[in-house]
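Chain identifiers are assigned alphabetically (A, B, ...) following the order of the sequence lines, protein sequences preceding nucleic acid strands; residue numbering begins at 1 within each chain.
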Protein chains: 4
Amino acid sequence: MNGFERRRELKKQHILQAAMELFSELGIQKVSIADIARKAQVSQVTIYNYFESKHNLIHDVFIYYVDQASNQFEGIVHSDQPFPEKVKMIIFNKKQVSSNIHPEFYQYLMKEYTEEGNYIEKIYIEKALPYFIQLFDEGKKKGYVDQNLSNEAIIFYIQMLKDYVQREDVYEKILPLTEDITNIFFYGVMGKK
Amino acid sequence: MNGFERRRELKKQHILQAAMELFSELGIQKVSIADIARKAQVSQVTIYNYFESKHNLIHDVFIYYVDQASNQFEGIVHSDQPFPEKVKMIIFNKKQVSSNIHPEFYQYLMKEYTEEGNYIEKIYIEKALPYFIQLFDEGKKKGYVDQNLSNEAIIFYIQMLKDYVQREDVYEKILPLTEDITNIFFYGVMGKK
Amino acid sequence: MNGFERRRELKKQHILQAAMELFSELGIQKVSIADIARKAQVSQVTIYNYFESKHNLIHDVFIYYVDQASNQFEGIVHSDQPFPEKVKMIIFNKKQVSSNIHPEFYQYLMKEYTEEGNYIEKIYIEKALPYFIQLFDEGKKKGYVDQNLSNEAIIFYIQMLKDYVQREDVYEKILPLTEDITNIFFYGVMGKK
Amino acid sequence: MNGFERRRELKKQHILQAAMELFSELGIQKVSIADIARKAQVSQVTIYNYFESKHNLIHDVFIYYVDQASNQFEGIVHSDQPFPEKVKMIIFNKKQVSSNIHPEFYQYLMKEYTEEGNYIEKIYIEKALPYFIQLFDEGKKKGYVDQNLSNEAIIFYIQMLKDYVQREDVYEKILPLTEDITNIFFYGVMGKK
DNA sequence: AATGAATGAGGGTTCATTCAT
DNA sequence: GATGAATGAACCCTCATTCAT
């Protein structure tokens, strides 16, 4: 990658970052291209030169998102903390780019794309899923996780928790419940016996 | 309530119902007043006569929603099925008007209103919450639920599950996991011992 | 048609008239909805309320056009002037709404519509063509027109002439040639013998 | 002309050719500079370096066009076919670059330029007209054309026919009428006596 | 000389809301 | 009270053109 391409790539990421932040804060539909252009300090047309349409931009933001997420995720999975600590971090570490897809992205993309939908899902599975599985295989081996539970069900739970915890409207209310929520996750509403 | 008022009230509910259905199907932002007017077979202005603004309409749809939900909810709580069955019904019974707020409603209202937010929350707490608490008190008494867990945490979990299960994009993938998900809810990822 | 509908119809025609004039003067592509709205003294959205899209508007202008044209045309055909005079009028009477389609309309519609294209052509044939045929049957009977010539060929000639004569860029240059052009039409470049 | 200039001239013609083809296919307004740049495989700015504006480019395409046309035209006029055959070729030979201006060019230029208009017309007259006149003088001498007809009127007819025949939307419908149309051109609607 | 990047201006279209009847 | 008609503001997108390298 030469200097030209590198600069182009940087600017692209700059725009993607701006878009991602605005999308996260306000939702996709409320953010206009003009908003993104303003935040990224480029003209609207520049965005079109890079991404061709709002649709494509959203698509690329999604990939950017998954990419960043899986990197951070990998860090946690490969760290040498005890298993429960890893799980807690994944669920509650708000600053981290969420490793699972923000639901609005996913929903939007699935509704609008249909065909590309499969491709997007593929990307997601390839990038993010393996770390989930690796993590819970570890959990099962170490006795923290019931061996009979399907990975799908566990991942569903983690994703769900992560999504919710990261939503601005619930985050604050949940903080004091951290311990209880972790407990429910590990021991269920029935509790340890 | 005389005949006039009754008719007015009916028409209002008619509009609310139409709006609710469209919001549920397409999300709030994608539904225009014109769409609602078409579906409810009234003129746009009639909607304004009743609700004054789209904002207010959404507000009222929300209340309508919570109202319907809490009624159905009450039915389940007061029925004479065993506790775990009640929980399962609440989480997985898709046809039922969701007893917790559809997240987009909640998010939208919280972001837009701020001030009224508190009022809306109050409504929600008054209407829907008591049944939750009643239900889990029953669960705790009958030994299905750990007495040390806070109601807030349990309710958070239930809401979260219900939300996710009801989302079109995940519903189908989750169906085969029903058993596992219920198990995790009751016994955690660690499983029964 | 009650008062409401009549007024609506009038306004529609008002917009159509404005659009037609602008299209004739500047071509279709150069005329923006804003231009038409300004000329018709309505808001842009009003135009959308009536016609739904620029595309549809053009379509309707076309029909409006053909309609007006065939009326005027009928007048000439049924008048009691001698045959050559009628032909001359049709070709050279510029003020008359051209009875054949302005080529840009036709081309635009054919390119964009494809499917509706057939419908449009049908309209045209139903409305305008019969008068052409009637006229030239008269011409053949009275000995002004060679009986062996196909109506298609004659109509093609007339249309072509009319189109050209009405084009702003050639009109003035042609005026002094009126006599010659008429002669060629009747007697060919070879001339009367 | 040295090597530099020659190369420059070649590139210019390359661009002109690309532009001409696109204009012919899609009309002037629908073709963007970006389209032309893509087709000619140069950057947009290169086009501006050579032609300064889209306006100028159109102008130069026009001249390029007339130039090519008059060359082909000369070939026909100076060939040794019988006169009627030459005329037929000019009118119906679609592949040949039209020797008369494509109407959209002419109209566009006339409307936009006004001042330069005269210059363009001059170019056209200088290049293309003499061959027309030469051809019809031949026709008059050989008895195919009425001596009393003005050249202007004849040329008007030829141009008009050529234009129409070359339009995609009418070409196919006209093919079966070739004979009739040629007859009308030579003998008029009245027919040979 | 040639290019990739960038942009202001404008076009078609939609929407929540108001006006007039 | 209810409606059809009308609108200003905003949105996505395109284009001819210029800037910077």
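- A/K54 has its NZ atom 15 Å from the P atom of F/dT14, to the nearest Å.
- Look at CG on A/L57: it is 10 Å from P on F/dC12, rounded to the nearest Å.
- Between A/R8 and E/dA5 there is a side-chain polar atom (N or O) within less than 4.0 angstrom of OP1 or OP2.
- Atoms CZ (A/R38) and C1' (F/dC11) sit 12 Å apart, rounded to a whole Å.
- With contacts defined as side-chain heavy-atom distances shorter than 4.5 Å, the pair B/I58/B/F62 does not qualify.
- For the pair A/S32 and B/V42, nearest-nucleotide mapping onto DNA chain F gives the more 5' position to B/V42.
- Comparing A/Q41 and C/A34 by the nucleotide of DNA chain E that holds the closest heavy atom to each, the one mapping nearer the 5' end is A/Q41.
- Across all strands, B/K11 comes closer than 4.0 Å only to sugar-phosphate atoms, never to a base (heavy-atom distances).
- Atom NZ in C/K30 sits about 20 Å away from atom P in F/dT14, given to the nearest Å.
- Within the structure, a side-chain polar atom (N or O) of B/T46 is placed less than 4.0 Å from OP1 or OP2 of F/dT3.
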Exercise. Would you write the dot-bracket representation of DNA chain F, where each base gets (, ), [, ], | or . depending on whether it forms a Watson-Crick or G-U pair under 3.5 Å and with which partner?
Key: .||||||||||||||||||||
Exercise. Evaluate side-chain contact (heavy atoms from CB on, under 4.5 Å) for B/L57 paired with B/I33, printing each intermediate quantity in order.
Key: CA-CA 10 Å; B/L57 173 61; B/I33 295 290; 4.2 Å; yes
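- Whole-Å rounding puts the C/Y48 OH to F/dA5 P distance at 19 Å.
- Side chains of D/H59 and D/F51 form no contact here, defined as non-hydrogen atoms less than 4.5 Å apart.
- Within 6.0 Å of atom CD in B/Q13, more than 12 heavy atoms from other residues, nucleotides or ligands are found, so the atom counts as buried in its surroundings.
- Straight-line distance from the CD atom of B/Q29 to the C1' atom of E/dA16: 13 Å, rounded to whole Å.
- With F/dC13, F/dA16, E/dT17 as the choices, the nucleotide that has an atom nearest any side-chain atom of B/I33 turns out to be E/dT17.
- Side-chain atoms of C/N49 come within donor-acceptor range of the base of F/dA6, with a qualifying N/O pair under 3.5 Å.
- Here the side chain of B/V45 is nearest to one of F/dT3, F/dG8, E/dA16, namely F/dT3.
- Annotation: side chain to side chain contact (heavy atoms under 4.5 Å, CB included) contacts of D/V31 (sequence neighbours excluded): D/L22, D/F23, D/L26, D/D35, D/I36.
- Residue A/K11 holds its NZ atom at 10.5 Å from CD1 of A/I47, rounded to the nearest 0.5 Å.
- With 3.5 Å as the limit, one finds a donor-acceptor pair spanning the side chains of B/Q17 and B/E21.
- Between E/dA6 and A/Y50, a contact under 4.0 Å exists linking OP1 or OP2 to a side-chain N or O.
- Counting to the nearest Å, the P atom of F/dA5 and the CD atom of C/E52 are 13 Å from each other.
- Here the P atom of nucleotide E/dT13 and the CD1 atom of C/I58 are 9 Å apart, to the nearest Å.
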